Amino acid sequence: MSASDRHDLSRGAAEVRDHFAADFHGTLWERPDVRKRWILRARNEASVREVSDALAWTVAVSLDRILPTHLLGPTVMDAVLHSLADAVEMDRDNEEHEATGPGEEKVWMLYVSRPVAEMLDWFIRHHPESAHHYIGEITREAHRRWEIPAEETIRTLRTAISMDGKMSDEDRTTFFALLAPPAKTA
């Protein structure tokens, strides 16, 4: 799957490189206001920082071109549901030995694997709106398949990200507060 190019990149990596090379060339050369900064006497740390910030911004706003959310979202969703399926299966095996009594609420023993938690954390940090949507879908699907309450699914995902993710406590608290199911009124 090599692109047979000068850097021995895969086809996808070569496409990303070519896209940004063309974009950077346009920013650095085709704009006279930026091109004049490459004159040696005009080049200083502040002007180089300004140009590098502009190039970094180009990459940041192009994340969806690099890793499209319409492909990543369902993939993360399937991976989370697969982890939950494994946990539910293990939980059912243990239920045979530890039955809950009448009137007792089921205690769910759910988990998400480390790589899946890390990917979910990345998805939330880079595409919070899309992640919010797909976590809602995960919650709905977990309830449909296994009757897992939404609160348990959200708690499981929040715990997995707190253990294996990079989100700050404040960001995690804020994000998951927006996912909390509405309070039930009696």
Side-chain angles (χ1 to χ4, degrees), residues 12-13 15-16 19-20 23 27 49-50 52-95 98 100 103-186:
E15 288 171 9
V16 170
H19 167 76
F20 286 112
D23 192 60
T27 299
R49 171 68 58 203
E50 189 177 331
S52 66
D53 287 348
L55 297 175
W57 179 84
T58 299
V59 174
V61 298
S62 299
L63 281 177
D64 200 46
R65 289 185 63 128
I66 298 168
L67 188 57
T69 55
H70 74 280
L71 301 175
L72 179 60
T75 303
V76 169
M77 185 174 119
D78 287 349
V80 169
L81 290 171
H82 181 80
S83 280
L84 292 177
D86 286 347
V88 167
E89 186 176 321
M90 280 181 40
D91 195 40
R92 284 193 179 137
D93 291 344
N94 289 335
E95 276 182 356
E98 302 172 14
T100 56
E104 289 184 31
E105 203 170 304
K106 174 162 178 41
V107 177
W108 290 92
M109 301 299 290
L110 302 172
Y111 64 86
V112 175
S113 69
R114 173 175 274 152
V116 172
E118 289 176 4
M119 191 70 237
L120 179 60
D121 173 79
W122 187 95
F123 191 40
I124 292 169
R125 288 184 294 110
H126 292 81
H127 301 287
E129 296 87 9
S130 293
H132 187 275
H133 166 77
Y134 284 105
I135 290 173
E137 291 297 309
I138 290 166
T139 304
R140 184 190 60 75
E141 190 63 20
H143 186 266
R144 187 188 71 75
R145 289 185 192 183
W146 305 293
E147 298 180 0
I148 300 172
E151 298 85 2
E152 286 298 318
T153 301
I154 298 298
R155 181 192 58 76
T156 300
L157 299 179
R158 185 177 50 242
T159 301
I161 289 173
S162 71
M163 292 171 48
D164 299 318
K166 295 180 181 178
M167 288 180 78
S168 70
D169 290 342
E170 181 182 349
D171 287 348
R172 189 174 53 254
T173 299
T174 301
F175 181 82
F176 280 97
L178 296 172
L179 287 167
K184 295 179 183 174
T185 55

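What you see is a predicted model, and the numbers here were worked out from it, not measured in a lab. Values below: all heavy atoms of this structure, side chains included; hydrogens, waters and symmetry mates excluded. The first residue of the sequence shown is numbered 1, and numbering continues consecutively from there.
Separating the CD atom in E170 from the CZ atom in F175 is a distance of 15.0 Å, to the nearest 0.5 Å. Separating the OG atom in S162 from the CZ atom in F176 is a distance of 9.0 Å, to the nearest 0.5 Å. The line from CG of D171 to CZ of R125 is 9.5 Å long, rounded to the nearest 0.5 Å. The CE atom of M90 sits 10.5 Å away from atom CG of L110, with the distance rounded to the nearest 0.5 Å.
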Table please: side-chain donor-acceptor pairs of residues 73-86 below 3.5 Å, with sequence neighbours left out.
| residue | atom | partner | partner atom | Å |
| --- | --- | --- | --- | --- |
| T75 | OG1 | L71 | O | 2.7 |
| S83 | OG | S113 | N | 3.3 |

For residues 135-142, which side-chain N or O atoms pair as donor and acceptor with protein atoms under 3.5 Å away, sequence neighbours left out?
| residue | atom | partner | partner atom | Å |
| --- | --- | --- | --- | --- |
| E137 | OE1 | R140 | NE | 3.4 |
| E137 | OE1 | R140 | NH2 | 3.1 |
| T139 | OG1 | I135 | O | 2.8 |
| E141 | OE1 | R144 | NE | 3.2 |
| E141 | OE2 | R144 | NE | 3.2 |
| E141 | OE2 | R144 | NH2 | 2.4 |
| E141 | OE2 | R145 | NE | 2.8 |

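Two residues are said to be in side-chain contact when any heavy atoms from C-beta on lie closer than 4.5 Å; T153 and L157 meet this criterion. Between P149 and E152, some side-chain heavy-atom pair lies under the 4.5 Å cut-off.
When every heavy atom of T58 is checked against every heavy atom of F20, the shortest pair comes out as O-CE2, 3.8 Å. Contact detail for L178 and H132: the closest heavy-atom pair is O-NE2, 3.3 Å.
With sequence neighbours excluded, no residue satisfies salt bridge (charged side-chain N to carboxylate O under 4.0 Å, His left out) with R158. Legend: residues meeting side chain to side chain contact (heavy atoms under 4.5 Å, CB included) with H126, ordered by chain and number and at least two apart, are L63, W122. Judged as a side chain to side chain donor-acceptor pair (under 3.5 Å), and not counting sequence neighbours, the contacts of D169 are R172. Partners of T69 by side chain to side chain donor-acceptor pair (under 3.5 Å), not counting sequence neighbours, listed by chain and number: D64. Remark: Y111 pairs with no residue by the ring-ring contact (aromatic ring centres under 6.0 Å, His included) rule, at least two apart or across chains. Residues satisfying the side chain to side chain contact (heavy atoms under 4.5 Å, CB included) criterion with M109, sequence neighbours excluded, are D91, V107.
Aromatic ring orientation, F123 versus Y134: tilted (interplanar angle from 30° to 60°).
In terms of modelled atom types and a separation under 3.5 Å, the side chain of S62 and the main chain of R65 share no donor-acceptor contact.
Put simply, the residue from I161, T173, L120 that forms a side-chain contact (heavy atoms from CB on, under 4.5 Å) with M167 is I161.
Residues in residues 109-119 take part in these salt bridge (charged side-chain N to carboxylate O under 4.0 Å, His left out) pairs, two or more places apart or across chains: R114-D164.
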**Request:** Let me see the working for D121 and K166 under side-chain contact (heavy atoms from CB on, under 4.5 Å), right down to the final yes or no.
**Result:** CA-CA 7 Å; D121 173 79; K166 295 180 181 178; 3.7 Å; yes
